[in-house]
Amino acid sequence: MSKVNVLVVDDAPFIRDLVKKGLRSHFPGIRIEEAVNGRKAQQLLERERFDLILCDWEMPEMSGLELLTWCRGQERLKVVPFIMVTSRGDKENVVQAIQSGVSDFIGKPFSNEQLTSKVRKALGRAGKLDALAASAPQRSTTTGMANDSLAALTGGRAEVVKPAASAATVAAATQQAPAPAPVRVEKPTASSSARSQGQLRLGSGSLACVIKALSLKEAALVVRRGEVLPQVLEGAVLDLEQGEGGEVARLNGYLHSVAAFEPKPDSEWLQLIFRFVDRDPQKLDYLSRLIARGTAQRHFTPGA
């Protein structure tokens, strides 16, 4: 059986590991190469053959969009399925990717089932799925766990879209692309200023949060307790807005710890430690500016 080769491109080792382990658990025999940015991926693509490319958008040196544009300009890469794995879900970015020839989107944070479903669809269109069918596990791809990121850690032909994208195509892609889910909890009011708040996007929905502490490595967040508790090691995206200018950073990471904020078993508030996995210099610079401005709210009083 011929090998199916997949290239995973992301500057965050945690995300690359999630993708690799998720794919290997569902597609035994698949061959996976990885690159830390678009430039490294370009070098691999010039000397090796790949049947599928899974690529982050925001990376240093060469972004995912720049790599996509380059691939569609190469004769042998024009029809290779290219899936953008991104936290960008606004219409402008979706249209830009469609016009550049993207095959599909996977939104961050993603579940194991979402990842394998998109990959299976892309390989099926490319006529490569039969090469994996003989060794595929005879079980459901649904893990049944609230935390598919934890499960992953432990465990026909691509259509190039023409530049003139129709309104129907844009609408469909916007539905597929990542977008913040409806807020499941209220934002803490009173003493929390606008600049000390953010949105934490999980697979189960979005949580309004207050930033208690912030460093280049992690953020301490306070959220209101809901029906579904956040899970340790769960992948997430933290949207931070700074000041009145509306500047927003989408920071990828995972939940390092979850604890009661108040010293009682029925605590209405939770404190989360969110570890960043991005290595993008632009995001690190943005974090540095947030820290310098004193974004964190150190004296948060629940319900005040």
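Scope of the values below: all heavy atoms of this structure, side chains included, with no hydrogens, waters or symmetry mates. Please read all numbers here as calculations on a predicted model, not as lab measurements. Along the sequence shown, residues are numbered consecutively beginning with 1.
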As an exercise, state the distance from [atom1] of [X] to [atom2] of [Y], rounded to the nearest 0.5 Å.
| X | Y | atom1 | atom2 | value |
| --- | --- | --- | --- | --- |
| Asn252 | Leu238 | CG | CG | 10.0 Å |
| Gln42 | Leu7 | CD | CG | 11.5 Å |
| Ile106 | Thr86 | CD1 | OG1 | 11.0 Å |
| Lys212 | Leu221 | NZ | CG | 11.5 Å |
| Leu115 | Arg120 | CG | CZ | 10.0 Å |
| Phe50 | Leu77 | CZ | CG | 10.0 Å |

Just to verify, what does [X] make a salt bridge (Lys or Arg N to Asp or Glu O under 4.0 Å) with, not counting sequence neighbours?
| X | result |
| --- | --- |
| Arg31 | Glu33, Glu48 |
| Arg49 | Asp51 |
| Lys20 | Asp17, Glu34 |

Sub-3.5 Å donor-acceptor pair from the side chain of [X] to the main-chain atoms of [Y], do we have one?
| X | Y | value |
| --- | --- | --- |
| Ser267 | Glu262 | yes |
| Arg72 | Lys78 | yes |
| Gln114 | Ser111 | yes |
| Glu66 | Ser63 | yes |

Contact check, side chains of [X] and [Y], non-hydrogen atoms, under 4.5 Å:
| X | Y | result |
| --- | --- | --- |
| Val85 | Val8 | no |
| Ile32 | Ile30 | yes |
| Leu272 | Ser257 | no |
| Phe274 | Leu255 | yes |
| Val277 | Tyr254 | yes |
| Leu202 | Pro230 | yes |
| Ser87 | Arg201 | yes |
| Phe14 | Arg275 | no |

Of Val6, Asp104, Leu23, Val19, which meets side chain to side chain contact (heavy atoms under 4.5 Å, CB included) against Val119?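 With Val119 as partner, Val6, Asp104, Leu23, Val19 yield a single side chain to side chain contact (heavy atoms under 4.5 Å, CB included), made by Leu23.
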Cluster link Ile211 to Leu216, ILVMFWY, side chain under 4.5 Å: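 Per the 4.5 Å side-chain linkage, Ile211 and Leu216 are co-clustered.
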Are Val232 and Leu207 connected in a single hydrophobic cluster, I mean Ile/Leu/Val/Met/Phe/Trp/Tyr linked by side-chain heavy atoms less than 4.5 Å apart?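 The answer is yes; both residues are in one hydrophobic cluster.
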Heavy atoms only: give me the nearest [X]-[Y] pair and the separation to one decimal.
| X | Y | result |
| --- | --- | --- |
| Leu65 | Ser100 | CD1-OG, 3.6 Å |
| Val9 | Gly38 | CG1-N, 4.1 Å |
| Phe276 | Ser215 | CE1-O, 3.2 Å |
| Lys40 | Val36 | CG-CG2, 3.8 Å |
| Lys118 | Phe105 | CE-O, 3.2 Å |
| Gly235 | Pro109 | O-CB, 3.3 Å |

Worked check of side chain to side chain contact (heavy atoms under 4.5 Å, CB included) between Phe261 and Arg225: CA-CA 10 Å; Phe261 184 74; Arg225 182 176 178 177; over 6 Å; no
With a 4.0 Å cut-off, would you call Asp56 and Lys108 a salt bridge?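 Looking at Asp56 and Lys108, the cut-off is met.
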Begin with the C-alpha distance, continue with both residues' side-chain angles, and end with the deciding distance and a verdict on side chain to side chain contact (heavy atoms under 4.5 Å, CB included) for Ile83 and Cys55. CA-CA 6 Å; Ile83 300 178; Cys55 186; over 6 Å; no
Pair Val237-Leu251, side chain to side chain contact (heavy atoms under 4.5 Å, CB included): steps then yes or no: CA-CA 5 Å; Val237 177; Leu251 305 169; over 6 Å; no
Verdict with reasoning, Ser206 to Leu200, per side chain to side chain contact (heavy atoms under 4.5 Å, CB included): CA-CA 6 Å; Ser206 294; Leu200 183 67; over 6 Å; no
